[in-house]
Participant: 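First, the structure itself, so that you have it in front of you.
What you are looking at is a predicted structure, and each value in this text was computed from that prediction instead of being measured.
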Amino acid sequence: MWEHALKKDIINFDEGEVLLVHKPMDWTSFDVVARLRSMYSIKKIGHAGTLDPKATGLLIICTGKLTKAITEFQNWEKEYEGIIELGGSTKSFDSETEVIETKPIIGVSFDKIQQVFESFVGDYYQVPPMYSAIKKNGRRLYKYARKGKEVQREARLVTIKEFVLISYNEPYAKFRVVCSKGTYIRSLANDVGEKLGCGAYLKQLTRTRIGSFTLSEAIKVDEFHLLSEKLQVVNV
């Protein structure tokens, strides 16, 4: 079983550590990696699964020899909580870009939304958003998107294990979802809007679990100093 750094008495970044970080809003996953690398002069470090800038929550950081385990962590099941806003759509499928189209919300109830949510449970082919880091012809999709270009994307098979409506206060639908690697929750929100007929985009998202690791175990960015204040930090 994997043990993250805060449960240990001694940290050795070169030998390899697993750090659980609570990524704040408007930080990229790379921003978190860069901050840790700079603070502790870590030679080898990387993250195991990107979170979008507007998303918050659990980010796994690996250092040293444990960067070899990144692929394993990426394959783990993910759990998220968030809010979908109905009645509008954006190019990025979330709040990073402005609303480009609005539609009336007609005949949408708690039960109707839950019914639509349940229709996605299981395997389904999902089209990645244009605002993503997936490469097409050697170039990342978001670079096309930022120039106003839309290119054909291949649908990818993902698995939704659970998709539950927690509450609905029009136009906001609060949800919890458990899914496989490679699932874009932004695309899921957009697909929900299409099925409801009113459009939707991801307003808020927090990753609460990756495999057996939970957000409650994570350290916040402004608490990074605890790695040196509370633990004996060793760099070989």
Participant: Below 4.5 Å, heavy atoms only, C-beta onward: do Leu215 and Leu20 meet side chain to side chain?
Facilitator: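 Not touching, per the 4.5 Å side-chain cut-off.
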
Participant: Say you draw a straight line from CZ of Phe13 to NZ of Lys43; how long is it, rounded to the nearest 0.5 Å?
Facilitator: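 Phe13 atom CZ to Lys43 atom NZ measures 13.0 Å (nearest 0.5 Å).
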
Participant: Considering non-hydrogen atoms only, spot the tightest contact between His47 and Gln74 and give its length.
Facilitator: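 Residues His47 and Gln74, closest heavy atoms: O-NE2, 4.4 Å.
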
Participant: Is there side-chain contact between Leu165 and Lys174, with at least one heavy-atom pair below 4.5 Å?
Facilitator: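 SC-SC contact between Leu165 and Lys174 ruled out.
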
Participant: Determine whether Asp14 and Lys44 make a side-chain contact, defined as any pair of heavy atoms from C-beta on separated by less than 4.5 Å.
Facilitator: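 When only atoms from C-beta onward are counted, Lys44 and Asp14 do not touch, as no gap falls below 4.5 Å.
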
Participant: How far apart are the C-alpha atoms of Lys78 and Thr183, what are their side-chain angles, what is the distance that settles it, and do they pass the side-chain contact (heavy atoms from CB on, under 4.5 Å) test?
Facilitator: CA-CA 9 Å; Lys78 314 294 193 302; Thr183 304; over 6 Å; no

Participant: Hydrophobic clusters here meaning ILVMFWY residues chained together by side-chain heavy-atom distances under 4.5 Å, can you tell me if Tyr80 and Val21 are in one?
Facilitator: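 Different hydrophobic clusters.
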
Participant: About how many Å separate CD1 of Ile83 and OH of Tyr201, when rounded to the nearest 0.5 Å?
Facilitator: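 Here the interatomic distance stands at 11.0 Å.
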
Participant: Work out which heavy atom in Cys62 is nearest to a heavy atom in Leu66; give both atom names and the distance.
Facilitator: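 Where Cys62 meets Leu66 most closely, the heavy atoms are CB-O, 3.5 Å.
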
Participant: Measuring only between side-chain heavy atoms, which start at C-beta, is Ile219 closer than 4.5 Å to Phe224?
Facilitator: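 Sidechains of Phe224 and Ile219: in contact.
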
Participant: Can the positive tip of Lys195 be found less than 6.0 Å from the middle of the six-membered ring of Phe120, inside 45° of the ring normal?
Facilitator: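 Pair Lys195/Phe120 counts as cation-pi.
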
Participant: Which atom names give the shortest non-hydrogen contact between Ala189 and Ala200, and what distance separates them?
Facilitator: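 Result for this residue pair: O-CB, 3.6 Å.
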
Participant: Quick one: are Thr56 and Lys23 in side-chain contact, heavy atoms under 4.5 Å?
Facilitator: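 No; the side chains remain at least 4.5 Å from each other.
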
Participant: Just grab all the side-chain hydrogen bond (donor to acceptor under 3.5 Å, both in side chains) pairs involving residues 27-39, residues at least two apart or on different chains.
Facilitator: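 Those involving residues 27-39 are Thr28-Asp31.
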
Participant: Kindly state each residue pair satisfying salt bridge (Lys or Arg N to Asp or Glu O under 4.0 Å) with at least one member in residues 55-74, sequence neighbours excluded.
Facilitator: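 For residues 55-74: Glu15-Lys65.
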
Participant: Would you find a donor on one side and an acceptor on the other, under 3.5 Å apart, between the side chain of Glu81 and the backbone of Phe175?
Facilitator: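 Here the side-chain-to-backbone pair does not exist.
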
Participant: Look up atom CD1 in Ile45 and atom OG1 in Thr63, then write down how far apart they are to the nearest 0.5 Å.
Facilitator: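 Reported value, rounded in 0.5 Å steps: 6.5 Å.
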
Participant: Taking side chain as C-beta onward, heavy atoms only, is Leu202 less than 4.5 Å from Ser95?
Facilitator: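 They are not in side-chain contact.
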
Participant: Assess the side chains of Tyr124 and Asp191: does a donor N or O sit below 3.5 Å from an acceptor N or O?
Facilitator: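 A pair is found: one side chain offers a donor N or O, the other an acceptor, under 3.5 Å apart.
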
Participant: Group every Ile, Leu, Val, Met, Phe, Trp and Tyr by side-chain heavy-atom contacts under 4.5 Å, then state whether Phe93 and Leu205 land in the same group.
Facilitator: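 Phe93 does not cluster with Leu205.
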
Participant: Checking Lys54 now: which residues fulfil side-chain hydrogen bond (donor to acceptor under 3.5 Å, both in side chains) with it, not counting sequence neighbours?
Facilitator: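 Here the qualifying residues are Asp26.
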
Participant: Would Ile160 and Phe117 show up in the same hydrophobic cluster when neighbours are defined by side-chain heavy atoms closer than 4.5 Å?
Facilitator: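 Same cluster: Ile160 reaches Phe117 through Ile, Leu, Val, Met, Phe, Trp or Tyr contacts under 4.5 Å.
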
Participant: Would you say the side-chain atoms of Thr206 and Thr208 include a donor-acceptor pair closer than 3.5 Å?
Facilitator: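 The answer is no; no qualifying pair exists.
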
Participant: Check whether Met39 and Val221 end up in the same hydrophobic cluster, where Ile, Leu, Val, Met, Phe, Trp and Tyr are linked by side-chain heavy atoms less than 4.5 Å apart.
Facilitator: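 Both belong to a single hydrophobic cluster.
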
Participant: Between Asp94 and Ser92, is there a side-chain donor-acceptor contact under 3.5 Å, judged purely by atom types and distance?
Facilitator: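 Per modelled atom types, Ser92 and Asp94 side chains form a pair under 3.5 Å.
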
Participant: Do Ile70 and Ile42 sit in the same hydrophobic cluster, where Ile, Leu, Val, Met, Phe, Trp and Tyr count as joined when their side-chain heavy atoms come under 4.5 Å apart?
Facilitator: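 Looking at the clustering, Ile42 is in a separate group from Ile70.
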
Participant: When you look at Val18 and Ile61, which way does the side-chain contact (heavy atoms from CB on, under 4.5 Å) test go after all the steps?
Facilitator: CA-CA 6 Å; Val18 175; Ile61 305 291; over 6 Å; no

Participant: State the OG1-CZ distance between Thr90 and Arg186, to the nearest 0.5 angstrom.
Facilitator: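 Taking OG1 in Thr90 and CZ in Arg186, the distance rounds to 8.5 Å.
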
Participant: Answer yes or no: are there more than 12 heavy-atom neighbours, outside Phe110 itself, under 6.0 Å from its atom CZ?
Facilitator: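 Check passes, neighbour count above 12.
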
Participant: Step by step, work out the salt bridge (charged side-chain N to carboxylate O under 4.0 Å, His left out) result for Lys181 and Glu77.
Facilitator: CA-CA 6 Å; Lys181 72 167 186 176; Glu77 179 181 271; over 6 Å; no

Participant: Starting from the C-alpha separation in whole Å, work towards a yes-or-no answer on side-chain contact (heavy atoms from CB on, under 4.5 Å) for Leu227 and Leu19.
Facilitator: CA-CA 10 Å; Leu227 296 174; Leu19 301 171; 4.2 Å; yes

Participant: Heavy atoms, side chains only, cut-off 4.5 Å: are Val33 and Leu36 in contact?
Facilitator: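 No - every pair of side-chain heavy atoms lies 4.5 Å or more apart.
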
Participant: Can you tell me how far apart CZ (Arg207) and CD1 (Ile60) are? Round to the nearest 0.5 Å.
Facilitator: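 Reported to 0.5 Å precision, the distance equals 7.5 Å.
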
Participant: Nearest heavy-atom pair of Gly211 and Trp76: which atoms, and what distance?
Facilitator: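 Residues Gly211 and Trp76, closest heavy atoms: CA-CE3, 3.6 Å.
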
Participant: Measure across Val127 and Ala155 and return the closest heavy-atom pair with its distance rounded to 0.1 Å.
Facilitator: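 It is CG2-CB, 4.1 Å.
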
Participant: Search all heavy atoms of Gln114 against all heavy atoms of Phe163 and return the closest pair with its distance.
Facilitator: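 Closest approach of Gln114 to Phe163, heavy atoms only: NE2-O, 3.3 Å.
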
Participant: Taking the side chain from Glu217 and the backbone from Thr214, do they hold a donor-acceptor pair closer than 3.5 Å?
Facilitator: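 Checked: pair present.
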
Participant: Once you round to the nearest 0.5 Å, how far does NE2 of His22 lie from CG of Asp222?
Facilitator: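 Answer rounded to 0.5 Å: 10.5 Å.
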
Participant: With side-chain contact (heavy atoms from CB on, under 4.5 Å) as the criterion, how do Glu162 and Arg176 come out once you've worked through the C-alpha distance, each side chain's angles and the decisive distance to 0.1 Å?
Facilitator: CA-CA 8 Å; Glu162 297 178 45; Arg176 181 177 66 84; 2.7 Å; yes

Participant: Mind checking whether Phe213 and Leu58 have side chains closer than 4.5 Å, heavy atoms only?
Facilitator: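 With C-beta onward as the side chain, the pair touches.
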
